[in-house]
Amino acid sequence: MNGAESLVRTLIANEVDTCFANPGTSEMHFVAALDRVPGIRCVLALFENVATGAADGYARVTRKPAMTLLHCGPGLANGLSNLHNARRARVPIVNIVGDQATYHRPLDPPLTADTEGWAGSVSSWTRVARSAEAVGSDAAEAVQAARSSSTISTLILPSDTSWNEGGVPADHFPITPPSSVASSTVSACARVLRSGEPVALMIGGATLGQRGLEEAHRIAAATGAKLLAPTFNRLIQRGRGRRPIPLLPYLIDNAVATLAGIRHLILVDCLSPVSFFAYPGKPRSLLPPDATVHVLARPEEDGVEALAALAAELSSPALAPLPGSPPPDLASGRITSQAVAQTLAALIPENAIIVDESVSFGFGFYPGTYTAAPHDWLQSCGGSIGDGLPLATGAAIGAPGRRVINLEGDGSAMYTLQSLWTQARESLDVTTVILSNRKYAILEAELIKVGATPGPTALDLFDLQKPTLNWVELAHGQGVEAARAQTLEQLADLLTASNRRNGPFLIELCIA
Ligand SMILES: Cc1ncc(C[n+]2csc(CCOP(=O)(O)OP(=O)(O)O)c2C)c(N)n1
C-alpha cells in the first residue's frame, strides 16, 4: 500500500468523510487513492478560498472536521483568509496540502514556497510528512488535534510520501473532550452574580446551542444579569420557542452604550469584547473602565456544563417553555433592513440554516428574525469578507434536507462567487440573497468614523457601479437559477418559490 492509500484509510477510520478539493500534480496519487478506497465524498471547488470556507461551514453544522485538499503553498495561500475566519470561529478543519517530492524540493522548482510558514499562520498543528510509513499516524494525529481543540491542522504531503510503498493506516485516535471548570470558579462567579452590582453574562462558542441558552436564561432570570453574545458567532440556535440572545452591536458607540453601567462581565466560551478597529478618540475596550472581567469558562473548557453548574449553585428555577408566537406578516413598502428582516422572519423554513454576511444592510436582520421558525444562524467570525457563499456551500453539504439561506453583501459575494458553481454541481439547497447596493457601503461609513475626509478618489474606491454587476447572469453562467427582486413582494414570492424547489437559487435584491 502506498502512503496516499494509508492516508485515505486513516481519514475514514477517523470519521473524516468529506473533502473540499482543488488538486494539482503533487496530489495525483492521493486523488487516485480516493478512487481505490471509497468512503470520502469529494467536492470540487474552483478556488481554494471556497474549499476552506466550505470546510468551515460543513464543520459548523456536523460538528466534525472535513478535509481540504489543496495544491502546494500557493493553493494553501489562496485559501488562507477563510482559514483565518475558521480559526477565529474555532472550527476544526484538516488541510492536506500536496508539495514537491522531498528530493525535488532542493532544486527550487516554480511551485516551491514556504508552505509550512503559510500553514503555521492559521494552523495550531502543522507537520510535513517525512515518509510513506508515517503518513497514516500523521493524519490520525492531525484529526485528533483538530477535533480535540477545535482548531486547524495542516498536513503537508510531499508527493513521494504519497506514492512510495510502505503506508501504514492508523486506527481511530481518541478525542480529548473539553475540560471541566473548577467548582471554585463557578462559586466565584456565583458570588459576583449575588453581589447586587450590575453584571453582564456574555456567552459564545458552543454555549449558543439550546442547552447553553436555557442555562444562561435561568441564571439571568434568577439574578437579573444582562445576557449577551459576541457580535460574530459560529452558530446560534434560535427562532420561535428558543431562548433569544441579543448580540453585542458592531457599531462601537452602540456597543459601548450596551455595556454602559456594567460593573462585572462574566465570560463563557468567548473573549472580552474589544472594538473591531481602533477609532481616533474612541475606547479600545468596549467595557466601562471600572468594570471587572471574570471568566467562567475559557473556549477550551466545557461552557455548557459550567453554566449548568452555575445555575444550580444559584438555585435558579427551571423556566417555563416559551409561548409559540406566530410568525409576522410579510412586509410591504420601502426595502429597508427591518422590512427585509420581517419578510425573512415570515418565510425562513423550519430548521433552516442562515448564513449571514449581510454587512451594512443586514444590521436589522438578526434582531428582526427572533420570531422566525427555529433555525441556526452562522456568521463569519474573522472579519475577512468572502466567507458567506463558501460557508453556505459547506453547510448544505453537511446538512442535506435543510434549506440554507445566505444573506450576502454584493461586494463580499464577489470574492468567492465560484461557490455558486459548486452549489449547482452538487444540487445544494441554498438560496443566496444578494444585497445589491452596488457599493462597499460600510466603507463609506468607516471613512467618516476614522475621521478621514471623503473625496472623489476615496468614494470611487467604494463604488461597484462601473460596470454594474449583473447577479442574475453571474448565477446563470454557473448553472444556478436566479431572478431579480425590486420590491418586497417580489422578494417574498422568490423566497417562497426557492424554499419549495430543490437545488440552488439566487435572488438579486436591488437595494440601490
Ligand atoms: C479580505 C477583506 N478585504 C477587504 C475587507 C474590507 N472590507 C470590509 S467590508 C468591505 C465591503 C463589503 O461590501 P458589501 O459586501 O457589498 O457590503 P456593504 O458594505 O455594501 O454593506 C470591504 C472591502 C475585508 N474586511 N476583508
Side-chain angles (χ1 to χ4, degrees), residues 47-53 56 76-89 118 121-122 231-232 247 249-252 254 274-279 335-341 344 354-368 378-392 405-420 432-450 452 454 457-471 474-475 484-485 506-512:
F47 181 53
E48 288 85 349
N49 218 27
V50 174
T52 52
D56 180 351
L76 170 65
N78 279 344
L80 280 182
S81 80
N82 276 339
L83 289 172
H84 157 83
N85 286 327
R87 184 180 72 83
R88 299 299 305 206
W118 281 333
S121 67
V122 288
T231 312
F232 299 102
L247 307 181
Y250 169 79
L251 297 175
I252 182 167
N254 298 356
V274 294
S275 113
F276 211 77
F277 296 103
Y279 296 100
I335 302 181
T336 61
S337 186
Q338 291 70 19
V340 172
L344 287 168
I354 310 300
V355 175
D356 177 12
E357 190 171 43
S358 53
V359 197
S360 68
F361 188 76
F363 284 158
F365 289 176
Y366 182 93
L378 279 56
Q379 297 163 289
S380 178
C381 294
S384 180
I385 61 173
D387 206 6
L389 280 100
L391 279 176
I405 299 179
N406 175 196
L407 308 168
E408 187 65 34
D410 53 354
S412 301
M414 280 303 288
Y415 282 62
T416 40
L417 79 168
Q418 307 91 330
S419 310
L420 295 173
T432 305
V433 181
I434 297 288
L435 305 161
S436 183
N437 60 3
R438 298 173 184 161
K439 57 180 165 178
Y440 289 164
I442 198 159
L443 297 188
E444 291 181 354
E446 295 286 328
L447 184 86
I448 308 294
K449 276 161 58 189
V450 297
T457 305
L459 293 177
D460 193 48
L461 289 176
F462 311 150
D463 179 16
L464 308 186
Q465 299 204 76
K466 295 177 292 181
T468 303
L469 293 164
N470 185 327
W471 277 99
L474 289 169
R484 195 164 287 131
L506 181 140
I507 302 169
E508 179 177 353
L509 177 63
C510 300
I511 53 176

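Numbering starts at 1 and runs along the sequence shown. Predicted model, so just to flag it, every value in this text is computed and none were measured. Just follow the structure's listing: the first ligand is 1, and inside any ligand the first atom is 1.
Using modelled atom types, one side-chain atom of N85 and one backbone atom of G382 make a donor-acceptor pair closer than 3.5 Å.
Partners of D410 by side-chain hydrogen bond (donor to acceptor under 3.5 Å, both in side chains), not counting sequence neighbours: none found. Judged as a side-chain hydrogen bond (donor to acceptor under 3.5 Å, both in side chains), and not counting sequence neighbours, the contacts of E508 are S436, R438, R484. Under the side-chain hydrogen bond (donor to acceptor under 3.5 Å, both in side chains) criterion, E446 pairs with Y250, Y279, K449, sequence neighbours left out.
Side chains of K466 and D460 form a contact here, defined as non-hydrogen atoms less than 4.5 Å apart.
Listed by chain and residue number, the protein contacts of ligand 1 are V359, S360, F361, G383, S384, I385, G409, D410, G411, S412, Y415, N437, K439, Y440, A441, I442, L443 (heavy atom within 4.0 angstrom).
T416 and G386 get closest at one heavy-atom pair: OG1-O, 2.9 Å.
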